[in-house]
Amino acid sequence: MLELRAITAGYDRRAPVVRDATLTVAPGESVGLLGPSGCGKSTLARVAALLHRPDAGTLLLDGAPVHRWRHRAPRELRTAVGVVFQQPRLSADPRLRLTDLIAEPLRATGRRAAVPVRMAELAETVGLTPDLLARRPHEVSDGQLQRACVARALVLRPRWLICDEMTAMLDASTTAALVGVVEDYRASTGAGLLAVGHDRTLLDRWCDRTADWETVTGRSCGGPGAGAPAGKAAS
Amino acid sequence: MTERPPVLSVRGLSVRFLLPGGRRIAAVTDARFDVAPGECLALIGESGCGKSVLASALLGLLPANAQTAGGAFLGDLDLLTADERTLARTVRGRRIGLIPQSPAAHLTPVRTVRSQMEETVAQLTGVRGRTALRTAAERAARRAGFPPDHLDRHPHELSGGLAQRAATALALIGDAPLLLADEPTTGLDRDLVDRTVDELRRHVDADGDRALLMITHDLAAAERVADRVAVMYAGRIVELADAKAFFGAPGPRHPYSRGLLDALPDRAFTPIPGMPPELGDLPDGCAFAARCDRATDACTALPPFTGSIACHHPAPAPAPAPAPEDIRA
Ligand SMILES: Nc1ncnc2c1ncn2[C@@H]1O[C@H](COP(=O)(O)OP(=O)(O)OP(=O)(O)O)[C@@H](O)[C@H]1O
Ligand code: SF4
Ligand SMILES: [Mg+2]
C-alpha cells in the first residue's frame, strides 16, 4: 500500500498549501487525484514521491513509515517509487544524452551491468530510436523528452508510480501513447499508480478510480493561489 | 463582411534552420491561411510540428540561423521583411499581443507581477501617474482572472496556472488587433482553460475588428474557441476546416487529423502509431505516409494543398451544395 495519512505540507509552515490530506493506493491499483490549478496537488505528489518532507502526517510505503525525504530517503524506498513530472524540460539534466538520462538511476544504484538490456527494452517500449537516444534534451521535442522521462521512471522497475500532470504538455496522440506505456508496465508488474491532474476525462479513462481534492483534504481548494474561486466570483 | 481584408494573411511562409555541417531543418513549409476580423483560428498539431516556429516568424523572433520565404501580412506590413526596430516599436505588444508558451520564462524573474503589469500599462496605454497605473494594472489582472492579491509575488512563487494568467493579462493590455496565443492553456485545469479561452474570445468579439490565432495541442480548447482549425503536420498545413464540421460531423478529412481526434480520452484513446518524422530528413512524398493506414503508391508524391486539404485519399468532403456530378444521379 501507498498511504498518505493526514499530510500537511507546503513552503511556509504558517501557510501550508496542503492540509490534512489522506489518500491510499493499493498494490496494482491506479488512482487519479483531481484538483484545480494551484491547489497543492503537485506538492502532495512530491510528498508521495519522497521529494518533499511534509510538515505533519505520515507516509507509509508497503507498511513502513517514511522518515526521510529527498536524498536522505533510504535507497530501497527511493528505488521503489518512479516519478514523472509535468515539464520534462525542468526535470531532465540538459547535459545528458537521452540514453544516459534514462540509464542514470541504474548507474546511481550500482546496476551498471543491467544497462544494455534494460535500455534496449525501454527504448522499444517508449518508442525512442537510437538516433533520438543519442541526442540531448534541447535537440528533441517535449513529447520525445517526456518519452525519455517515462523510460527513466520505469528503469528501476518501481512498485509505485507517481505521475504529476505527465501529459499536460503533450498532444493527444503522445498522451494516449504514454498512458499506454504506463498501463502496459503496470499490467506486467502489478505496480500501483497515483496520477495527479486536472483533466477529469483523462483520469476517468485512465484510472481505476479518481479522487477529488475536496475528498482527499476534507475541504475545497482555498490555499494560496486558488484563483479559480476568486475569479469565478468576479465574473 | 466578406469584403473586409483579413487581419493576418500568411502567404507561402517557409522557415528553414541552417545547422552546422550543412543540415537544414524544414520547420515550416509553404503555410497559407488568412485570419479574418472577428475570427479565431486554432492551429493544432503534435509537439514539434512547427507551430511555435510559425508564431516566432510572425513576430520576428526567429534565431539568427533561420531563413524565411513567402510573406505574412498584417495589413500592409510584411512581417517577414520588417526591420527589428519596426517590429519592436509598433508590432510586438501593440499590433500583435503575444501570449507565450512558457509564461514563467516570459515573465521577468526578479520583478513582481505588479511592477511588470504597471510597466506594460505605461508603455502601451496613455495611463500615467502612480495611482492610475496601480488601478489599471489591477484591472488588467482581473481581466485575465489573475487574483489581484497575488500581484506582489515574483513569478517563481506562482503555480503554472497563475503564471499563465499573468502572461495573458500582459498580452491583453495593448488591445492589439491580432492576438497570438501559443499554448495559452498548458497546465491549466479545465475551468481555467475555459475561462482563459473565453476571455480571448471575448477580446475578439468585443469590436469585431480583432482576430485570434491560437496555437494549441489542447483540442478541447480549440473546439471551444475556434471558428476554423488549421492542422499542421511536419511543418505543413495539411487541413484547414470549419471548426464545427471538424470536431462534429462529418469530422476531419485528413487521416492525420482523424488520428489526432481518435487519440482523445473521450474518443478511442488510441495513439497514432509511430512518431512524426524528423524535420531535417523529410520524405519526398507525404510526410505522414509511414503512419497512415490509407497510404498507397500515390503517396510517394507530395500531395498538393488544395486550400482545405493536402492528401491523396482524404475522407469525403462535406457536401453543403450538390457537386456537379451529383446532378446526373
Ligand atoms: N517555491 C515556492 N514558493 C512559494 N510558493 C510556492 C512555491 N511553489 C509553489 N508555490 C505555491 O503553492 C501553491 C500550490 O502549488 P502546486 O504547484 O502544488 O499547485 P498545482 O495544483 O500543481 O497547480 P498547477 O496545476 O497550476 O500547476 C501555489 O499557490 C503556488 O503558488
Ligand atoms: S497523402 Fe496518402 S499517406 Fe498522406 S495522409 Fe493522405 S492517404 Fe495518407
Ligand atoms: Mg501542478
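In what follows, chains are A, B, ... by sequence order, proteins preceding strands, each numbered from 1.
By number of non-hydrogen pairs under 4.5 angstrom with chain B, the leading residue of A/Asp199, A/Thr201, A/Asp204, A/Leu170 is A/Leu170. The candidate from A/Gly180, A/Ser173, A/Ala168 with the greatest count of non-hydrogen atom pairs under 4.5 Å with chain B is A/Ser173. Among the candidates B/Pro271, B/Pro273, B/Ala268, the residue making the largest number of heavy-atom pairs closer than 4.5 Å to chain A is B/Pro271.
At a 4.5 Å heavy-atom cutoff, B/Arg143 makes no contact with chain A through either its backbone or its side chain. Using a 4.5 Å cut-off between heavy atoms, A/Arg147 contacts chain B through its side chain alone, with no backbone atom that close. Heavy atoms of A/Leu178 lying under 4.5 Å from chain B are absent altogether. Residue contact with chain B, scored on non-hydrogen atoms closer than 4.5 Å, is absent for A/Val140. Heavy-atom distances place both the backbone and the side chain of B/Leu260 under 4.5 Å from chain A. Neither the backbone nor the side chain of B/Ala220 comes within contact range of chain A; no heavy atom of the residue lies under 4.5 Å from a heavy atom of that chain.
Atoms CD and OG1, from B/Glu46 and A/Thr175 in turn, are 10.0 Å apart once rounded to the nearest 0.5 Å.
Side chain of B/Ser47 to main chain of A/Ser141: no donor-acceptor pair is present (N/O by atom type, distance under 3.5 Å, no hydrogens or angles). A donor-acceptor pair is defined here as one N or O able to donate and one able to accept, closer than 3.5 Å; no such pair exists between the side chain of A/Asp171 and the backbone of B/His217.
Salt-bridge check for B/Arg23 with A/Glu139: failed, with every basic side-chain N at 4.0 Å or more from each acidic carboxylate O.
In this structure, B/Ala263 and A/Ala176 approach most closely via the heavy-atom pair O-CB, 3.8 Å.
With a 6.0 Å radius and a threshold of 12 heavy atoms from other residues, nucleotides or ligands, B/Arg24 has its CZ atom at or below the threshold.
Looking at B/Met275 and A/Thr174, their side chains never come closer than 4.5 Å, going by heavy atoms from C-beta outward.
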